[in-house]
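These notes are about the structure you will find just below.
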Amino acid sequence: MEKLRQEQIEDLFSRRLKNTRAIFFFFFLLVFAFLFKIQVIQHQSLSAGAESGKYMKVSIPVPRGTIYDRNGRILAVSIPFYSAYMDSWAVAHREKKEPGYRSRLKQEFKDTLGMSEKEAEEKIGQTYPLLRRELSIGQYRTLAEKKLPGIVFEQDYKRTYPNNRLACHVVGFTGVDGEGLEGIEMYYNGLLKGTKGSSLVLRDGKGTLLYSVEKKLVQPVKGKDIVLTLDYNLQFILEEELSRAYTQFNAKSVSAVIMDYETGEVLALANVPNYDLNRPGSASPDERRNRVVTDLFEPGSTFKIVTAAAAIEENVFTPNDVIHCENGKWFVRNHYLRDVHSYGSLTVSKVIEKSSNIGTVKIAMNLGERKLYDYCTKFGFGQVTGIDIPGEIRGILRPLNRWSGYSITAIPIGQEVGINALQGVRAMSVIANGGYLVKPHLLREIKEEVSSIKTNTSGAGDQVLSGKTCDILRGILENVTRPGGTAPQTHIDGYRISGKTGTAQKIINGHYSKNSYVGSFSGFLNGSDEKLIIQVTVDEPRPIYYGGLVAGPAFRNVLWRSLQYLNVPPSGEEEERKIALNKK
Amino acid sequence: MFLKKRLNFYNRLQIISAIIITTGTLFLLSSSSVYGISRSGNPAFYFEKHILWLLLGLVGILLIMKLDTRQIEKHSLPIFLVSLAILPLPKFFGDLRWIRLGPLSFQPAELVKFTFVLYLADYLKRKLPLIREKKTMWVPIGFLLLITGILQLQKDIGTFAVIFFTFMLLMFLAGVRIKNILLIILAGIVLFTGLILMFPYRRERIMTYLNPAADPMGKGYQTRQSLIAMSSGGVLGKGLGAGERKLKFLPEAHKDYIYAVVGEETGFLGTVFVLSLFGFLVFSSFHLSNISNDYFIKFLSAGIGGLFGFQFLLHAGVVLNMVPSKGTTLPFFSVGGSSFLINILALGVLFNIARKVLIEENPSNFMDTYIEKI
């Protein structure tokens, strides 16, 4: 047995330690050399072949602004949703670690997403398939909680209209790309849309996006919320009553507007037929038409107010001047002019009240073509109202030099002119509000992060008539709704209502049709805090067509229900009269 | 003058250790953030755990400094046996290599790496006079085979390599005949080859090593990414934290390829700095081994130096494609709590040895006053 002595041990150890140091030194030096070779010498050559960390451009969806009615009810809103995709690379990676992962996923597709065996099979074979757009909340939760590798979610927003058909022609809708296509959605698209953000996001070696390493290119800006002048409840009332009139009179269409005649705030605007905003694709163009602004019609009798107003304002007549109405048939300018009912002598007031064509034309002829034309222009005919909704037409008012000799017998009674319903409402508002032209509008407020921008709500425009003329006309028009007027069915006890019926023959193929009419009623509330003006237009009602009969009841019902909803008390004067009557 | 030099050495050892730990922690944060995000959404996920282990380690150092090396020597066999008993536990209580203890996981192989050195130091010191005899070798070789067997089950060839090399180093230092050493190495090579051939994935790694460009997107992928990272760093690097390869282009950038992250972000200067840190640590250990009079301490400090040295060399070797990839972590840099803790404790033992060797074993007139001061 060999036994080492202490000196031998020490000698051996220190010798070998020296060797060890040398060996380690050599290897450290070797590493140093390799570092030098790779990092200093080969620096260029290798890094030239380096696949750099790729930045991917990613867009960040933003919600569109919410549209509210004046009381804060939501008319349109964007809600977030998730779509699920599958990243086959990550799935394949997982499959290696967990054999059978693919079939587990397939089962998941069938169970949670309700795919068929065939569909699941198809999806699992694709590289980056969309599994489901717009996952339900339940589906999203189930999938997200399981944290399945390779299942990727993408968020986006979806426009939803909680009231379906309500105010469809005002609100409008958006397309798949999120751009407003109709109504407010289109008109205020710029405000509502916001700015989609985009950023460069670093992709790691596995293709995963690292959102913590992102460079924002465009800061996402949420769309602005806006508040409309619409009142949900008035809109609801209006639509219900319109639908009733629509069926009752077999009309081609019915449209109506409720407006504040002092400010021009549109409180309700509706057309029937209408459509479901959540399924705009299945609506016909006919249903989608916002007839209040896009349809042109001859105003008929309603237009007589313009003639009367001009004559009174210009002191051509006083309301009590008497005009002979030729007993219903008058040969003038080479053709016969007829009244529906024949009248003898009528005061100017009665001419309007009874809606005599002959009387009105006589007033106009005394006024003169020039003046008549001026007033038509002042009342805003032939010009768009400028309402903030797309598609408004200008209407037709021929310039004076293109009037025929016949024109002076047609225009005063609302023929040879074409207007949209809103222009009619605006003209009537002049009389209601004491003489100025309002600008009908729908936008009430733009909500900002901290404050809100109230849009111009006064809406007062050019003065058209003097207050005195307006007083006179309001009085005349009040008689229309009283027993004995042309529209007694629009009267509501305890309230002062001024209004005018309109019945116009439609022009079909260049001739006045014998059986196609447009019946309308336009009226407003007098002497009340609520400045309501309501116009109802019934297109091609059958079999009856007189404005007072077809549009009148709808007008009355809408007004009555609106008064209930707005808690408008009956006006004092009438109330006292009623009490006095009761005492008798 | 002489004493001052020694004190300087002692202080320098501690300062360098502090620098290594700090630098390592920085790169751990840099390289692990993307893994932290995909693991838990928190980029500092691994960093926070690392800090916890660090605090634990510092407490450990304080405790170890209280011990006398003789106490360590006395208990080295039982310590080793206990750690050996724990080694196969992952099979029953956790994952492949880890024992899970609540939020923390513990890798017994890391502990064994160190306690085996402890055991060998004690054994060799006792058997030194008989070291030329073959039969002296049987017991340690037996333990080595046992450890190898268990590690083989845990597919941990990296740790096995470090243990094997350290074992050979201590045998060499002890004075085992070169002939016998060559025999052991030969046996080791046969065993190694056997293990490699037994498992196809290891065979692939060897093939990859031989020709990394053959299949750049496949098996050679990590090697290629590692070299790209290293070379694109250049001399000065892209800046701390600015590396791209760690973003999962490099697989396990926070573990087996962290030196490549160092290379990419701080360039040649950074890698050489880290190389010097480890160099200092290793050669300091050898220095302590050289000047000590006690063979337990001589073997222990050489063993610790060997452990650090081999791990660094293997890690750097893999990253620089000098040796086949086998997954070796870099001490103080790579993510891995228990490994980090053991490495800090090993540093503590080194400090303890340094204090003993530099101050107690070489008493001088000034010594007492100095000791009182500290």
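Computation of the quantities below employed the complete heavy-atom set of this structure, encompassing side-chain atoms and omitting hydrogens, waters and symmetry-equivalent molecules.
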Where do B/Asn290 and A/Lys18 land on the side-chain contact (heavy atoms from CB on, under 4.5 Å) test, with the steps shown first? CA-CA 9 Å; B/Asn290 193 30; A/Lys18 214 174 274 175; over 6 Å; no
Is it the side chain or the backbone of [X] that comes within 4.5 Å of chain A heavy atoms, both, or neither?
X: B/Val282; answer: side chain
X: B/His315; answer: neither
X: B/Leu236; answer: neither

Pairs of heavy atoms under 4.5 Å with chain A: top-ranked of [options]:
options: B/Leu128, B/Val235, B/Leu313, B/Val272; answer: B/Leu313
options: B/Phe278, B/Phe312, B/Phe286, B/Phe310; answer: B/Phe286
options: B/Gly233, B/Gly267, B/Ala302; answer: B/Gly267

Working to the nearest 0.5 angstrom, can you tell me the gap between [X] [atom1] and [Y] [atom2]?
X: A/Phe34; Y: B/Leu275; atom1: CZ; atom2: CG; value: 13.5 Å
X: A/Ile9; Y: B/Lys125; atom1: CD1; atom2: NZ; value: 12.0 Å
X: A/Arg21; Y: B/Ser285; atom1: CZ; atom2: OG; value: 10.0 Å
X: B/Tyr259; Y: A/Leu35; atom1: OH; atom2: CG; value: 4.5 Å

Checking A/Leu30 against chain B: side chain, backbone, both or neither under 4.5 Å from a heavy atom?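 A/Leu30 touches chain B through backbone and side-chain heavy atoms alike.
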Counting heavy atoms not belonging to [X], are there more than 12 under 6.0 Å from its [atom1]?
X: A/Lys123; atom1: NZ; result: yes
X: A/Arg141; atom1: CZ; result: no
X: A/Lys110; atom1: NZ; result: yes
X: B/Leu182; atom1: CG; result: yes
X: A/Phe27; atom1: CZ; result: no
X: A/Phe153; atom1: CZ; result: yes
X: A/Lys222; atom1: NZ; result: yes

Select, from A/Gln6, A/Arg5, A/Glu10, the one with the greatest count of heavy-atom pairs under 4.5 Å involving chain B. A/Glu10
Closest contact, heavy atoms only, [X] versus [Y]:
X: B/Ala174; Y: A/Leu12; answer: O-CD2, 4.4 Å
X: B/Ala316; Y: A/Val31; answer: CB-CG1, 3.9 Å
X: B/Leu173; Y: A/Phe13; answer: O-CD1, 3.4 Å

Run the ring-centre check on B/Phe268 versus A/Phe32 and record whether the distance is less than 6.0 Å.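 Yes, close enough.
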Give a yes or no on whether the backbone of B/Leu169 and the side-chain of A/Arg16 come within a donor-acceptor separation of less than 3.5 Å.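 Absent.
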Does the side chain of A/Gln39 pick up a donor-acceptor pair with the side chain of B/Thr271 at under 3.5 Å?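 On atom types as modelled, these side chains qualify, holding a pair under 3.5 Å.
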